[in-house]
Amino acid sequence: MQPTTAAEAEAIQDSLRSRLIIPASPVDLPPTVVGLDVTYGEQRAVAAAVVVDVATLTVVEVATHGGEASFPYVPGLLAFREVPLLLAAIERLSTPPSLLMCDGYGLAHPRRFGLACHLGVLLDVPSFGVAKTAFVGTSTDPGPARGQTSDLVDADEVVGRVVRTQTGVKPVFVSPGHRIGLDDCTDLTVRLSGHYRIPEPTRQADILSRSALRAG
DNA sequence: GCGACAG
DNA sequence: ATCTTGTCGC
């Protein structure tokens, strides 16, 4: 189940992709979202899972897992580096997650199977990705105000959305992972963004994984 | 062929 | 991702 080569990893993505479910209509959104991120040190990496209340944007619970990354970073194969650590952190939560917000891409991926799709399918839990920089697809600039968006298009397919989370800041790149549609994850991204560019779940996971790594 | 390339 | 101080601006 753990690939050694890039070719093996790509084959696994192609296989898991058959389990992907992207609903065309809005789904019922849960009261909490789990933000995920991984921070790397020289030998060790720490994954963090942070449960955030959607209505108040407050942190409800946190969990971390320290370990070694078992796969190198290869564009398009990020999941094989981060998924094992993230699964371990998620398992330490007292309650199974209802919706995952990942730091990276979902459908907006060369083979339509980014990190968010991978985690979502393995756990069969709704998931989506929020990335900080461009990866695949082209888009026009969304308007300058908070909440404005434009479609991310790759090979004539709308695979995600460029979303302005705060007026005057660089936009983020949102794409569905599993069991959630583009409109839902776009709306959630804006709703979950407080006073920062990065929405609270992944922002808090980034902060926690960093401090947990330096703490030892 | 060459460059670009989530974290 | 990470290595890294001060600095410009609201």
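Note on naming: letters A, B, ... go to the chains in the order of the sequence lines (proteins, then strands), and numbering restarts at 1 for each one.
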> A/D206 CG to B/dA6 P: how many Å, rounded?
16 Å
> Starting from Watson-Crick (N1-N3 plus N6-O4 or O6-N4) and G-U wobble pairs under 3.5 Å, report the runs of at least three that DNA chain C belongs to.
none
> What nucleic acid atoms does A/A134 come within less than 4.0 Å of, heavy atoms only: base, sugar-phosphate, or nothing?
sugar-phosphate
> Are the ring of A/Y105 and the base ring of B/dA6 both nearer than 5.5 Å at their centres and tilted by less than 30°?
no
> Between A/R203 and A/D37, does any NZ, NE, NH1 or NH2 come within less than 4.0 Å of an OD or OE carboxylate oxygen?
no
> Inspect the contact between A/R210 and A/D206 and indicate whether a charged nitrogen and a carboxylate oxygen are less than 4.0 angstrom apart.
yes
> Should the ring pair A/F71 and A/F80 be called parallel, tilted or perpendicular, given that the plane angle runs from 0 to 90° and is split at 30 and 60?
tilted
> Can a salt bridge be assigned to the pair A/R164 and A/D141 using a cut-off of 4.0 Å between side-chain N and carboxylate O?
yes
> Respond yes when some side-chain nitrogen or oxygen of A/R81 is under 4.0 Å from OP1 or OP2 of C/dA1, and no when none is.
no
> So A/G129, base contact, sugar-phosphate only, or nothing? Heavy-atom distance under 4.0 Å.
nothing
> From CZ of A/R210 over to C1' of B/dG7, roughly how many Å is that when rounded to an integer?
11 Å
> Charged N to carboxylate O below 4.0 Å: is that the case for A/R179 and A/D124?
yes
> Base, sugar-phosphate, or nothing: which does A/L77 touch, judged by heavy atoms less than 4.0 Å apart?
base
> What's the CZ-C1' distance between A/R203 and B/dG7, to the nearest Å?
19 Å
> Short question: side chain of A/R197, backbone of A/P171 - any donor-acceptor pair under 3.5 Å?
yes
> To the nearest angstrom, how far is A/L107 atom CG from B/dA6 atom P?
18 Å
> Determine: side-chain N/O of A/T133 to OP1/OP2 of B/dG7, distance under 4.0 Å, yes or no.
yes
> Is the phosphate of B/dG7 approached by A/Y40 (side-chain N or O, under 4.0 Å from OP1 or OP2)?
no
> When you check the phosphate oxygens OP1 and OP2 of B/dA6, does a side-chain N or O of A/K132 lie under 4.0 Å from one of them?
no
> In whole Å, I'd like the distance from the CG atom of A/L119 to the C1' atom of B/dG7.
13 Å
> Checking the side chain of A/D103 only, and the main-chain atoms of A/G129 only, is there a donor and an acceptor separated by less than 3.5 Å?
no
> Separation of A/L115 atom CG from B/dA6 atom P, in whole Å?
13 Å
> Can you tell me the distance, in whole Å, between the CG atom of A/L78 and the C1' atom of B/dC5?
12 Å
> Between B/dA6 atom P and A/R112 atom CZ, what is the distance in whole Å?
16 Å
